[in-house]
Engineer: 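Here it is: the structure, laid out below.
Labels below follow one simple rule: chain letters A, B, ... track the order of the sequence lines, proteins then strands, and each chain is numbered from 1.
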Amino acid sequence: MHKTLTRFALPLGVAGLAVAAYWAARKPASSHPPDSAPGRTARQTWFGDYVVGGRSVTIAAEPEPLFAIWRDPSQLSRFMRHVQSVEAAEDGTWRWVLRGPAEAEVTLLTRIVTERASELIAWRSVEGSEIEAEGKVMFRKAPAGRGTVVEAVIAYQPPGGTMGHWMAKAFGTDPARLGRHELKRLKMLMETGEIATASPPAQKGH
Amino acid sequence: MRALTFHGTHDVRVETVPDPRLINPRDAIIEVTATAICGSDLHLYNGVIPGVARGDILGHEFMGRVVEAGPQSTLRPGERVVVPFTISCGSCFFCQMQLFSACDNSNPVESQDASELAYGHAMSGLFGYSHLTGGYPGGQAQYVRVPFSDVGPIVIPEGLEDEQVLFLSDILPTGWMAAENAGIRQGDTVAVWGCGPVGLFAIQSALIMGAGQVIAIDHYPHRLDLARGLGAKVIDYTQTDVLEALMEMSGGIGPDAVIDAVGMESHGFAPDNLMDTVKQKVGLGADRGHALRMALMAVRKGGRVSIPGVYGGMVDKFPLGALMQKGLEVRSGQTHVQRYSQDLLRRIGEGEIDTTFLISHRLPLEEAAEGYRNFRDNQNEWTKVVLKP
Ligand SMILES: NC(=O)c1ccc[n+]([C@@H]2O[C@H](COP(=O)([O-])OP(=O)(O)OC[C@H]3O[C@@H](n4cnc5c(N)ncnc54)[C@H](O)[C@@H]3O)[C@@H](O)[C@H]2O)c1
Ligand SMILES: [Zn+2]
Ligand SMILES: [Zn+2]
């Protein structure tokens, strides 16, 4: 199953165009017309040098407070357990220190490229970042009063290419898994005021 | 504190382990006064449930006194509570629909991965069970940490003994939900496979809900006697052809509803069950679905199938054709305990429901391993074991 250029570019927005173009250039046109599924659910995970993944979660809360948490670096580590620290610099760059495979520290430098209040935050990595990545988080009202659908999509170049990607998967530190966990923790925090755990803090985390 | 821990198949031990403490704001710590061994614990003991680790504290049927409550708990130290085995947040989409065992927010995210792989979705956290359901330390212990203590625990009024209310934690609501899932109408014939605690409570509930006759199936004489005592007719499957008997006892129609209160470790020497047993032993991951197969064959056209018995994985030779062709309705699930707590507490208080008739043995927690061994090997006499820490 292949996705067309537009199908893929749409969910990723501006930040995704480069990746989509790169991918489109390498893939022969498919004989199947595009379906309705988001591009990140395509059977292929690699798009050029990029791995693309994403996840939606429905949270019983209004979009505004969810957007506000995501927009505030000091809030993010409350539910992002693999993030050691996030700081926003004067020039608008965010500096993330992440725990990579085998507890190695990885620095990610990002900048917000598009932002619409309570709707969307799109970001990409900038000069000096140890990982090439771009992504976006979208917030929209869920049907039937179920709250807000938060949808996070990321496209990144795994450090170490294919090998690095599999290493990350093996160590349980691939961004798709971590992202999924983070969205679920955010949901727990918003819906219950706490994050479920079966073990005392000393044993918690990765 | 002292607690019963898992060390491998048929190897459980009472050991000294660290006391639990409050972690989250809605937690409470309970000092256990009574706890029980469940048929579900036997699945762990027999090593047929995945994701149980060495050192895990077992037990999901327990009650006790609150000794410590977090800032967001609604419990007060000293209160006497029964704790549902399902851990539920009370506020997520599923809890709002009273599908408490499907709670989105009580199973730690790290444990949800395996569960999603196995079932497509992660279920709620459970006490003292598999790491697929969070690996929460269980209640066969002196103390337990109870998350979301403002939602689950049932405060027990004075005047009711521990043994009258302990089973509100699991098997009583499980039997009740099994009967409810059978959609019983006045005068129905209901067949129940398994006369363990779950089957017995399902029989009791089905009669309260208006069943015309309940037919109980097992092979242990004493357990069949208990069923008879509740008002059921009984079939000993070692003596009688079950399918033929059920047809004859229902005027050639077949039971209107069937309840599988056996689960994944069906007994018996039927050919399908022998094959399943071999596969389960060599770890092929096949559940033993003999009782369920029989139930699907026996139930009348357009009938209802209720499955409280626990299954963990795949079942072979599943009579899907019978299900489709006869247009059956199937309902199942880990019990949404909190949904039934108040109603059942009231029925116990008013004397409508007796829960103590199935208790056969009372042991100190220190002898829990003995309890497990006998509950497994001497099922005829050992119908329910209550442990006192
Ligand atoms: N859905 C839930 O939330 C929930 C809660 C508690 C227990 N359970 C499950 O319910 C089941 C029963 O629990 P229990 O505590 O009563 O267990 P138990 O082991 O005490 O009883 C099972 C009974 O089934 C009988 N049996 C075995 N094979 C049979 C067959 N082929 N035909 C007829 N009878 C047969 C056994 O002789 C035994 O009496 C277990 O699978 C348990 O895990 C489910
Ligand atoms: Zn139980
Ligand atoms: Zn919930």
Engineer: Once you round to the nearest 0.5 Å, how far does CD1 of A/Ile59 lie from CZ of B/Phe93?
Structural biologist: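 Rounded to the nearest 0.5 Å, the CD1-CZ separation comes out at 14.5 Å.
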Engineer: Between B/Val109 and A/Met188, is there a side-chain heavy-atom distance shorter than 4.5 Å?
Structural biologist: yes
Engineer: Are any side-chain N or O atoms of A/Glu194 and backbone N or O atoms of B/Arg26, one a donor and one an acceptor, separated by less than 3.5 Å?
Structural biologist: yes
Engineer: Is there a donor-acceptor pair under 3.5 Å between the side chain of B/Ser91 and the backbone N or O of A/Thr192?
Structural biologist: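 The answer is no, because no donor-acceptor pair under 3.5 Å joins these two groups.
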Engineer: Relative to chain A, which of B/Asp104, B/Ile87, B/Asn105 shows the most heavy atom pairs under 4.5 Å?
Structural biologist: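 With the most close heavy-atom pairs to chain A, the winner is B/Asn105.
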Engineer: Measure across A/Arg177 and B/Asp113 and return the closest heavy-atom pair with its distance rounded to 0.1 Å.
Structural biologist: NE-OD2, 2.8 Å
Engineer: State the CD-SG distance between A/Glu191 and B/Cys103, to the nearest 0.5 angstrom.
Structural biologist: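 So the gap between those two atoms works out to 8.5 Å.
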Engineer: With a 4.5 Å heavy-atom cut-off, do B/Asn24 and A/Ile195 have their side chains touching?
Structural biologist: no
Engineer: How close do A/Ala198 and B/Gly135 get, heavy atom to heavy atom, and via which atoms?
Structural biologist: CB-O, 3.8 Å
Engineer: Taking CZ in A/Arg111 as the centre, count heavy atoms belonging to other residues, nucleotides or ligands within less than 6.0 Å. Is the count above 12?
Structural biologist: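 Result for CZ/A/Arg111: enclosed.
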Engineer: How far apart are the C-alpha atoms of B/Glu110 and A/Arg185, what are their side-chain angles, what is the distance that settles it, and do they pass the salt bridge (Lys or Arg N to Asp or Glu O under 4.0 Å) test?
Structural biologist: CA-CA 10 Å; B/Glu110 296 80 7; A/Arg185 284 197 200 94; 2.9 Å; yes
Engineer: Between A/Arg180 and B/Glu116, is any pair of side-chain heavy atoms under 4.5 Å apart?
Structural biologist: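 The answer is yes; the side chains approach within 4.5 Å.
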Engineer: Would you mind checking which part of B/Pro25 comes under 4.5 Å of any heavy atom in chain A, side chain (CB onward), backbone (N, CA, C, O), both or neither?
Structural biologist: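 The answer is both parts of B/Pro25.
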